[in-house]
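Working notes, structure below.
Heavy atoms only: backbone and side chains are in, while hydrogens, waters and symmetry mates are out.
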Amino acid sequence: MAESPEMRVFHLLREVTVEYGLRQAEFATRNGMHPTDVRALICLLDAERDGTDATAGWLGERLGLNSAGTTAVVDRLERLGHVARSRDARDRRRVLLTVEDRAKELGRAHFGPLIDGTVALLGGFTEEEARGVRRFLTGVRDLMDGDDGTSGAAGVSS
């Protein structure tokens with residue numbers, strides 16, 4: 001039986017996410033990190049880009065880790081020189097997390113060609129096509145962020 005166009009898109013999305021996960025794992029291995037450390041760096045970079053203050057509590061929530069697990073991740077990243085802790089100038093009780101330039105340079109060296117290629121690929125789309133891609137990816141992200149009781153099911157569908 002032929003696969004529907006919608007299911008083909010779903011399977012392509014899954015292929016892309018699996019391949020990206022493999023590239024993240026390769027980056028982690030090359031740089032002496034755990035895969036969760038890479039996810040943490042991505043979360044912290046997203047926070048920086050969005051202007052969000054990143055605390056350990058915020059990071060733990062994003063990663064689905066308890067306090068001890070989050071502390072272990074932040075400690076590892078700090079030891080490697082990838083993350084810095086600093087007191088919030090507005091509220092000295094809060095400790096903010098920032099990604100160090102060294103980590104950004106490592107990430108750019110590894111993921112730069114993929115980023116540049118993706119930007120170039122999107123540059124060839126019409127504005128309407130690009131809006132459609134953004135709408136689709138935002139919708140999938142929102143579905144995954146929702147708690148519909150099917151967590152993990154998408155990854156095993158045939």
Side-chain angles (χ1 to χ4, degrees), residues 1-65 69-70 73-74 76-78 80-84 96-158:
M1 182 166 110
E3 186 172 60
S4 72
E6 295 81 8
M7 284 304 295
R8 183 66 189 134
V9 169
F10 176 81
H11 288 132
L12 285 169
L13 178 62
R14 185 174 62 183
E15 288 175 35
V16 168
T17 59
V18 167
E19 183 60 33
Y20 191 69
L22 292 172
R23 288 181 188 221
Q24 286 178 311
E26 179 184 308
F27 177 78
T29 299
R30 275 191 187 170
N31 293 288
M33 290 187 270
H34 186 278
T36 303
D37 300 343
V38 178
R39 288 187 11 242
L41 287 172
I42 291 168
C43 288
L44 294 171
L45 289 168
D46 288 346
E48 181 180 299
R49 191 180 63 249
D50 295 339
T52 299
D53 288 343
T55 63
W58 175 89
L59 181 62
E61 186 177 303
R62 298 280 308 188
L63 295 174
L65 297 175
T70 303
V73 168
V74 174
R76 277 194 309 266
L77 290 172
E78 188 175 44
L80 291 167
H82 298 318
V83 168
L96 301 177
L97 305 173
T98 55
V99 178
E100 296 283 16
D101 288 343
R102 177 182 185 283
K104 293 175 186 178
E105 291 163 8
L106 284 173
R108 184 71 181 145
H110 187 83
F111 293 103
L114 176 61
I115 293 167
D116 294 344
T118 302
V119 168
L121 179 63
L122 279 168
F125 284 35
T126 66
E127 181 52 39
E128 183 178 344
E129 290 169 327
R131 266 195 313 272
V133 171
R134 281 190 301 272
R135 192 175 120 228
F136 172 74
L137 292 174
T138 300
V140 171
R141 183 204 57 208
D142 292 349
L143 284 170
M144 292 174 69
D145 282 347
D147 186 11
D148 61 0
T150 60
S151 297
V156 295
S157 175
S158 303

Once rounded to the nearest 0.5 Å, what's the spacing between atom [atom1] of [X] and atom [atom2] of [Y]?
{"X": "Met7", "Y": "Leu12", "atom1": "CE", "atom2": "CG", "result": "11.0 Å"}
{"X": "Arg108", "Y": "Ile115", "atom1": "CZ", "atom2": "CD1", "result": "5.0 Å"}
{"X": "Leu45", "Y": "Thr98", "atom1": "CG", "atom2": "OG1", "result": "10.5 Å"}
{"X": "His82", "Y": "Asn31", "atom1": "NE2", "atom2": "CG", "result": "5.5 Å"}
{"X": "Leu96", "Y": "Glu48", "atom1": "CG", "atom2": "CD", "result": "12.0 Å"}
{"X": "Arg39", "Y": "Ile42", "atom1": "CZ", "atom2": "CD1", "result": "9.0 Å"}

Could you tell me if the side chain of [Y] sits less than 4.5 Å from the side chain of [X], heavy atoms only?
{"X": "Leu41", "Y": "Val83", "answer": "yes"}
{"X": "Thr52", "Y": "Asp46", "answer": "no"}
{"X": "Arg102", "Y": "Leu106", "answer": "yes"}

Is the number of heavy atoms from other residues, nucleotides or ligands within 6.0 Å of [atom1] ([X]) greater than 12?
{"X": "Arg62", "atom1": "CZ", "value": "no"}
{"X": "Glu128", "atom1": "CD", "value": "no"}
{"X": "Glu61", "atom1": "CD", "value": "no"}

**Request:** Show your working on side-chain contact (heavy atoms from CB on, under 4.5 Å) between Leu77 and Met33 and close with a plain yes or no.
**Result:** CA-CA 8 Å; Leu77 290 172; Met33 290 187 270; 3.9 Å; yes
What closest approach, in Å, do [X] and [Y] show between heavy atoms, and which atom pair accounts for it?
{"X": "Asp53", "Y": "Trp58", "result": "O-CG, 4.4 Å"}
{"X": "Ala56", "Y": "Thr70", "result": "O-CG2, 3.2 Å"}
{"X": "Gly32", "Y": "Leu80", "result": "O-CD1, 3.8 Å"}
{"X": "Ala40", "Y": "Leu63", "result": "CB-CD1, 3.7 Å"}
{"X": "Leu44", "Y": "Ala54", "result": "CD2-CB, 3.5 Å"}
{"X": "Glu129", "Y": "Thr126", "result": "OE1-N, 2.8 Å"}

**Request:** State whether Arg135 and Asp142 are salt-bridged, where the test is any N-O pair (Lys NZ or Arg NE/NH1/NH2 against Asp/Glu carboxylate O) under 4.0 Å.
**Result:**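 Between Asp142 and Arg135 there is no salt bridge, as every charged N stays at least 4.0 Å from the carboxylate O atoms.
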**Request:** Verify, without hydrogens or angle tests, whether Asp116 (side chain) and Pro113 (backbone) share a donor-acceptor contact under 3.5 angstrom.
**Result:**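 The answer is no, because no donor-acceptor pair under 3.5 Å joins these two groups.
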**Fill in**
Arg23 meets the salt bridge (charged side-chain N to carboxylate O under 4.0 Å, His left out) criterion, sequence neighbours left out, with Glu19
**Message:** Is it the case that the ring center of Phe27 lies less than 6.0 angstrom away from the ring center of Tyr20?
**Reply:**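 When the ring centroids of Tyr20 and Phe27 are compared, they turn out to be at least 6.0 Å apart.
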